[in-house]
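Just so it is clear, the values below take in all heavy atoms, side chains as well, and ignore hydrogens, waters and symmetry mates.
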Amino acid sequence: MSAETEQAAQPVFASLEDWVTERFLPMYRRTLGGEYRWCAEWWRHAEAISRLTTLWHLWETLRLKPGTGMAEWYVHLDHHLPILLGARGPFYQCSQTEHLEPHPGRAVPAPPWWWSGLSSPEAAGT
């Protein structure tokens, strides 16, 4: 691998936060409120971190693919952006100036017999 190729293969951004603040936010602007939401404390939202990390890693990889790499990246962006910024997405309770902690879903443990494939506790003999 040549020094030029090796240098090109190095990430442009050192962290997710760098990519979000230096690339994502300046480039993909939307009028916020109503249809589009953003939280200035985006890093408090696990789903946002997951989606943005995916987009960042794809961006770092596909930018190196000649010809169609960035076009391929936009397919991923176009899928994630409406979910990420959508009115019911991870930032739906937040505004540009206020972060509201998202409420996690509640989970009730399944009864011990549930995963055995039996239809009832009686069938399990309990």
ask   = Between Glu60 and Phe13, is there a donor-acceptor pair closer than 3.5 Å when you use the side chain of the first and the backbone of the second?
value = yes

task = Would you kindly confirm whether Tyr92 and Leu100 end up in one hydrophobic cluster when ILVMFWY residues are joined by side chain heavy atoms under 4.5 Å apart?
result = no

query = Are any non-hydrogen side-chain atoms of Ile83 and Glu47 less than 4.5 angstrom apart?
reply = yes

key: Residues Trp43, Leu16; criterion side chain to side chain contact (heavy atoms under 4.5 Å, CB included); working and verdict   = CA-CA 10 Å; Trp43 37 267; Leu16 173 62; over 6 Å; no

ask   = Among His45, Gln93, Glu41, which one satisfies side-chain hydrogen bond (donor to acceptor under 3.5 Å, both in side chains) with His99?
value = His45

inquiry  = Less than 4.5 Å apart, side chain to side chain, heavy atoms only: is that true for Glu17 and Trp42?
reply    = yes

key: Rounded distance (nearest 0.5 Å) linking atom CE of Met70 with atom CG of Leu58   = 10.0 Å

ask   = At their closest point, which heavy atom of Gln10 faces which heavy atom of Arg63, and how far apart are they?
value = O-NH2, 2.6 Å

inquiry  = To the nearest 0.5 Å, what is the distance between CH2 on Trp59 and NE2 on His76?
reply    = 15.0 Å

query = How many angstroms lie between CG in Leu55 and NE2 in His57, if you round to the nearest 0.5 Å?
reply = 10.5 Å

ask   = Roughly how far apart are Thr68 OG1 and Leu62 CG, rounded to 0.5 Å?
value = 8.5 Å

message = Rounded to the nearest 0.5 Å, what separates atom CH2 in Trp38 from atom CZ in Phe24?
response = 5.5 Å

ask   = Side chain of Thr53, backbone of Ile49: donor and acceptor closer than 3.5 Å?
value = yes

task = Any chance you could measure Trp73, atom CH2, to Thr61, atom OG1, to the nearest 0.5 Å?
result = 12.0 Å

query = Linking I/L/V/M/F/W/Y whenever their side-chain heavy atoms sit closer than 4.5 Å, directly or via other members, would Leu77 and Val75 fall into one cluster?
reply = no

